[in-house]
There are 2 protein chains.
Amino acid sequence: MNLLNPKMAVAVDLVVFTVAARSLQVLLTQRQEEPFKNLRALPASIIHLSETLDEAARRILRMIAKSENVYLEQLYSFSHPRRDPRGRVVTVAYFALVKAEKVALIPQSSAIWYPIDALEKLAFDHQEIIQYALERLRNKLEYTTAAFQLLSQRFTLSELQGIYEIVLGKKIDKRNFRKKLKALNILKDCGMVKREGNHRPARLYTFSEFRFIKLRDRGILFPF
Amino acid sequence: MNLLNPKMAVAVDLVVFTVAARSLQVLLTQRQEEPFKNLRALPASIIHLSETLDEAARRILRMIAKSENVYLEQLYSFSHPRRDPRGRVVTVAYFALVKAEKVALIPQSSAIWYPIDALEKLAFDHQEIIQYALERLRNKLEYTTAAFQLLSQRFTLSELQGIYEIVLGKKIDKRNFRKKLKALNILKDCGMVKREGNHRPARLYTFSEFRFIKLRDRGILFPF
DNA sequence: GCAAAAGTGTTCTGTCTACACCCATGT
DNA sequence: ACATGGGTGTAGACAGAACACTTTTGC
């Protein structure tokens, strides 16, 4: 039996999220050729023969942006036989979280940030893939520490709360939010403040991976 | 640019779970040829050119068992370049939940049930895939109604509790379990009993999809 | 009558929600 | 002095965990 089907390809599509300007943004490239020429599309590539899907995802990310410490996870595989008019392409979607100010887009890649709530028509089934990624992101935020992946190392409590409000699309009570974080004991006060605007300066915190791991091992989660 | 890489194949592997004899079981076939000849392996197949991954998963299931109303969902894609010694095969794993007594295994498929806690060495990376599926199953049970997929239409509360105890691998308090189910109001008393052994007969219930949907739309989940 | 599983409530504790005012700064 | 966001506590409702005895049946 010959396993190998010469008419099939495997691709990786990337849904890269960031939060900037008080809105959730996704990284899109512009199609330079048919099909879907000139439409926006997710960064993607056919995988190479000797790389894993994860490696392909990192490679694609490097092609469009210089970045570090990127959170990346596999999302879902999309397989409609005619999702790509050129032939049979099964694509494995990945989703990534980056800190807006730590990412330098590579100009010749044509990649730019788009607010998630003002997307135009996209190439292929990419609208569906983004929708799926968005649901996953919201779930992640609700019971993991994914939110810290969207902030720089030091952040204020208001910035952190903003991430939750922007991604989940709802207001959160300030006192309850802070009370819960204090109880979880996963933040460390840096002893510094952030001065900005004509108001009281805000304390800066860092996420304490060490304290978090102790909690996780006791099965404690993050219900926001 | 030619998209299609002639040296790659996409497969679907199935992790089919059931609960029987107070243990969690998984469906395995026996390899008839190299590689891994005579070892147990997950049911699998290369996908056809014009079927989706979901369709391939259903087709594989039909090849090994006659069954109905099977819960099926995509799990994860495994892609190590040398996971199959014959060539590059990216596999998309699916996981399925079936009611033991509603499944008729097809004899010539060599498929049989194996208790999850007494697995021998398996072909390919199938041990890893099963491990991943098991984690997903436990999560599913904790905040969805997946447990009902493992029981016949009518069941007793003790049978339902047994599913949770067997899959999660821990004892649950009978009174708390029943109190929560009563509060959730997703079960309907059939007005029948199950007589069995020398003890009081047990009431039979059915899962009320209708009541469940009303709850789910209010965002109410199932924390066991 | 006895073995075996079915069935049933209360108390305690911890967590979530709702809610309003003072503080520190820049202009 | 005023505008702006930073920072703080309490009370009530609800949900989870611990815990033991009575009921109904087959033999």
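None of the values given here were measured: they were computed from a predicted structure. By convention in this document, chain letters (A, B, ...) are assigned in the order of the sequence lines, proteins followed by strands, and residues within each chain are numbered from 1.
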Using atom types as modelled, flag every donor-acceptor pair under 3.5 Å from a side chain in residues 57-66 of chain A to any protein atom, sequence neighbours excluded.
{"residue": "A:Arg58", "atom": "NH1", "partner": "A:Val70", "partner atom": "O", "Å": "3.3"}
{"residue": "A:Arg59", "atom": "NE", "partner": "A:Glu51", "partner atom": "OE1", "Å": "3.1"}
{"residue": "A:Arg59", "atom": "NE", "partner": "A:Glu51", "partner atom": "OE2", "Å": "3.3"}
{"residue": "A:Arg59", "atom": "NH1", "partner": "A:Ser45", "partner atom": "OG", "Å": "3.2"}
{"residue": "A:Arg59", "atom": "NH2", "partner": "A:Ser45", "partner atom": "OG", "Å": "3.2"}
{"residue": "A:Arg59", "atom": "NH2", "partner": "A:Ile46", "partner atom": "O", "Å": "3.2"}
{"residue": "A:Arg59", "atom": "NH2", "partner": "A:Glu51", "partner atom": "OE2", "Å": "2.6"}

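At a threshold of 4.0 angstrom between heavy atoms, the contacts of B:Ser158 are confined to the sugar-phosphate backbone, with no base atom among them. Nucleic acid contact class of A:Arg203 (heavy atoms, under 4.0 Å, all strands): sugar-phosphate only.
Sorted by first and then second residue, the salt bridge (Lys or Arg N to Asp or Glu O under 4.0 Å) pairs involving residues 110-126 of chain A (not counting sequence neighbours) are A:Arg83-A:Asp125. Applying the salt bridge (Lys or Arg N to Asp or Glu O under 4.0 Å) test to every pair with at least one member in residues 97-111 of chain A, sequence neighbours left out, gives no pairs at all.
Here the C1' atom of nucleotide C:dC16 and the CD1 atom of A:Ile172 are 13 Å apart, to the nearest Å. Nucleotide C:dT17 holds its C1' atom 18 Å from the CZ atom of A:Arg178, rounded to whole Å. In this structure, CZ of A:Phe177 is placed 17 Å from C1' of C:dT15, rounded to the nearest angstrom.
Residues meeting the ring-ring contact (aromatic ring centres under 6.0 Å, His included) test with B:Tyr114, sequence neighbours left out: none. Remark: B:Phe124 pairs with B:Phe36, B:His126 by the ring-ring contact (aromatic ring centres under 6.0 Å, His included) rule, at least two apart or across chains.
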In 5'-to-3' order, the base (B), backbone-only (S) or no-contact (-) status of each nucleotide in nucleotides 19-27 of chain C, using a 4.0 angstrom heavy-atom cut-off, is BB--BBBB-
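With hydrogens and angles left out, the side chain of B:Lys179 and the base of C:dT10 share a donor-acceptor pair within 3.5 Å.
In A:Arg178, the CZ atom is crowded: over 12 heavy atoms of neighbouring residues, nucleotides or ligands sit closer than 6.0 Å.
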